[in-house]
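Note that the coordinates shown come from a computational prediction; the quantities given were computed from them, not determined experimentally. Below, chain A is the first sequence line, B the second, and so on; all start at residue 1.
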Amino acid sequence: VGFEVEAGAEFYDGLFDQLVLSDVGSELAAKLIEEIRARARDEGATSATRVIEILRSKLEDILSDTEPIAPFDPNRLNVVMLVGVNGVGKTTMLAKIARHLKEKNLNVLIAAADTFRAAAVDQLKIWAERTGTPIVSGQQGADPAAVVFDAAKAAVARKADVLLIDTAGRLQTKKNLMEELKKIERTITKNAPDANVHHLLCLDANTGQNAISQVELFRSVCRVRGLIINKIDGTARGGAVLAIVKKHRLPILFLGVGENVGDIVEFDAGEFVKAWFS
Amino acid sequence: GLTDRLGKVFSKWSGADRLSEARVEEGLREIRIALLEADVNLKVATEFLESVREKATGTHILLSLDPVQMIVKIVRDELIELLGGKDVEPPDELSASFNPILLLGLQGSGKTTTAAKLALHFKKQGAKTMLAALDMSRPAAIDQLEVLAGEIDVPVYVDRNATPVEAAKAALDLARKEGIKVLLMDSAGRLHIDDELMDEVRTIKEVTNPVETFLVVDAMTGQDAVNIAETFDAKVGITGLCVTKFDGDARAGAALSVKSVTGKPIRWVGTGEKVGMIEPFIPERMASRILG
Ligand SMILES: Nc1nc2c(ncn2[C@@H]2O[C@H](COP(=O)(O)OP(=O)(O)OP(=O)(O)O)[C@@H](O)[C@H]2O)c(=O)[nH]1
Ligand SMILES: Nc1nc2c(ncn2[C@@H]2O[C@H](COP(=O)(O)OP(=O)(O)OP(=O)(O)O)[C@@H](O)[C@H]2O)c(=O)[nH]1
Ligand SMILES: [Mg+2]
Ligand SMILES: [Mg+2]
């Protein structure tokens, strides 16, 4: 009260450090500091409180400036495929989304297109059962596109509102696995030609700068239209999303905030940034 | 990689100008950016640069014909040193007759897969090996380990009705009884800030008294790796690290950071999804990855 910290060089260095420690990346962090410093100068602001407000609004602007997205069109079959590298929470998030949609009385079908990893189908079958969602699966080791083929046919036949597709984790540098995604996408297009198709890339909030390469390479092989950030209930801030959203303007749809099926939050830029400063 | 970046910086200067302290500072800034881009923790990078600065401002550097190569070599040698030096102990020389090994870490870091990989490795070495399924929470976690155990033909202790601690005790007793040499215990993923689950894994460790407690860390982990590792070490105690998903293009700065801050050695590196894809940790390889 009555004591205001001055925003000097040390203060800005401290902000830079905080941004880097949040995985914003040194290049973007430096750029952001420069921008807020300039803005503070322009408005003659010298208090630390005001500079932090400027930074907060800058971060919120970046995260809000995204392409509009409508993955759940009430008048069509919606196909949503979750993709991403290994272990980032795709299967669990798919279960969360299934339940989230069913609460809105939508007719949901699940496709277990991870035919590779040990017990991946078993894992998803348990979630399907827990959420009361029908599931289409295939043989272990089968072509994932074959499962998607069956699921797309079933979704159209059943007049499902949403077909949720779980895929195997794959490192973005594995060309053959990325080609597999292209094939799956072609299967969707051929067998559900009128569907509203959205692919959502799942990122782990603990991931550092490699998240950027993940977005680039997954986008290059399939229609990634939005992002999901999982494990934000940990201590990592997920700052890599800033550079990603700044460049790609991809909307973040959901946050995974835990291991239970209810641990899903619709993304809100203001709330996300507020959590950083709390 | 770093050589190109430094090359660009140094190419701006010429001749006698070459290696004044100011020039070295500019090179160091470039190195810092490269380290941060590689996910090396900010504090670790800062300390690392201190030791590089000391070595890089010696006169033998200033008189060198190729300052870029000299500085890159200093950085590389310092990284290798920080990662454990040129002669790391092989991670698979087990001197005890009974070796329980506990794997722990964050959700999705690669524990279950690593447990199976290590089981196969020790089995191939001729050690009587067993796995223990201690993840009772994740759907089909036990199934996952059972499938992997079946693939490598290693017995796995399973009790779906036990708590993780009960199963750990029972697995330990059975392994002892069966003359098992290596018991690999796979635990559930957990957050370092979840007190209940951290207590649980500490109890598992207490009742099984493992010869190794490995923190499994994803190579793509960012700045928070240090906080995560320090917390696991403080609350449970770890003896080493396993880095997974090294077959991607993540620069793995997190591995360096965790080793540097906890002082615990990196022992194994996962290099693929298949059960044969694990290697003993080699500092030189990780140094090259971090340098890009
Ligand atoms: N704390 C936390 N854990 C999560 C979250 N989402 C998923 N998990 C956990 O992360 C681990 C991996 O989740 P999965 O859903 O299997 O991840 P995946 O991307 O499908 O993994 P792969 O199919 O093997 O690539 C599990 O232990 C989940 O319970 C989250 O939001 N928070
Ligand atoms: N490419 C690659 N994938 C890996 C590696 N290690 C594990 N994985 C994959 O990463 C994902 C997660 O591995 P898990 O073994 O299920 O991880 P976990 O730590 O047991 O997960 P939780 O039990 O849910 O905490 C799976 O898709 C694995 O196949 C590796 O070295 N390389
Ligand atoms: Mg999965
Ligand atoms: Mg596991």
- Task: Apply the test side-chain hydrogen bond (donor to acceptor under 3.5 Å, both in side chains) to residues B/Gln144 and A/Gln123: give CA-CA distance (whole Å), side-chain angles for both, the deciding distance (0.1 Å), then the verdict.
- Result: CA-CA 9 Å; B/Gln144 184 186 5; A/Gln123 181 186 10; over 6 Å; no
- Task: Just give me the residue among B/Lys245, B/Arg32, B/Gln223 that pairs up with chain A most often, heavy atom to heavy atom, under 4.5 Å.
- Result: B/Gln223
- Should we count CD of A/Glu103 as having more than 12 external heavy atoms under 6.0 Å? yes
- Less than 4.0 Å between a side-chain N and a carboxylate O, is that true for B/Asp224 and A/Arg237? no
- Item | Shortest non-hydrogen contact from A/Ala118 toward B/Val147 | CB-CG1, 3.7 Å
- Item | Member of A/Asp204, A/Asn206, A/Asn86, A/Asn210 meeting the side-chain contact (heavy atoms from CB on, under 4.5 Å) criterion with B/Met220 | A/Asn210
- Who wins among B/Glu37, B/Glu146, B/Lys43, B/Gln107 for the most heavy-atom pairs under 4.5 Å with chain A? B/Gln107
- Item | Toward chain A, the part of B/Ile142 with a non-hydrogen atom under 4.5 Å | neither
- For atom CD of A/Glu35, is the number of surrounding heavy atoms from other residues, nucleotides or ligands below 6.0 Å larger than 12? yes
- Query: chain B heavy atoms under 4.5 Å from A/Gln140: which part of the residue, side chain, backbone, both or neither?
  - Reply: neither
- Task: Considering only heavy atoms and a distance below 4.5 Å, find which of B/Thr221, B/Leu145, B/Asp143 pairs most often with chain A.
- Result: B/Thr221
- Out of B/Thr244, B/Asp247, B/Leu148, which one racks up the most heavy-atom pairs below 4.5 Å with chain A? B/Asp247
- Query: Side chain, backbone, both or neither: which part of A/Thr207 has a heavy atom under 4.5 Å from chain B?
  - Reply: both
- Heavy-atom distance under 4.5 Å to chain B: side chain of A/Gln209, backbone, both or neither? both
- Note on the structure: Applying a strict 4.5 Å limit to non-hydrogen atoms, the region of B/Asn41 in contact with chain A is side chain
- Message: Is there a side-chain contact between B/Pro139 and A/Lys125 in this structure, where contact means two heavy atoms from C-beta onward sitting under 4.5 Å apart?
- Response: no
- Turns out that what part of A/Lys174 lies under 4.5 Å from chain B's heavy atoms comes down to side chain
- Should we count CD of A/Glu216 as having more than 12 external heavy atoms under 6.0 Å? yes
- Query: So which of A/Gly87, A/Gly169, A/Ala240 has the largest heavy-atom pair count under 4.5 angstrom toward chain B?
  - Reply: A/Gly87
- B/Leu36 to A/Ser26 - nearest heavy-atom pair and separation: CD1-CB, 3.6 Å
- Item | B/Ile33 vs A/Glu27 side-chain heavy atoms within contact, under 4.5 Å | no
- Among the listed options A/Asn230, A/Thr173, A/Val85, the residue most often paired with chain B at heavy-atom distances under 4.5 Å: A/Thr173
- Query: Do you know the tightest heavy-atom contact between A/Leu177 and B/Glu273?
  - Reply: CD1-OE2, 4.5 Å
- Is it the side chain or the backbone of B/Asp249 that comes within 4.5 Å of chain A heavy atoms, both, or neither? both
- Of the backbone (N, CA, C, O) and the side chain (C-beta and beyond), which part of B/Ile193 lies under 4.5 Å from a heavy atom of chain A, both, or neither? side chain
- Item | Pairwise distance CG(B/Leu106) to OG1(A/Thr235) - rounded to 0.5 angstrom | 8.0 Å
- Under a 4.5 Å heavy-atom cut-off, does chain A meet the side chain of B/Arg251, its backbone, both or neither? neither
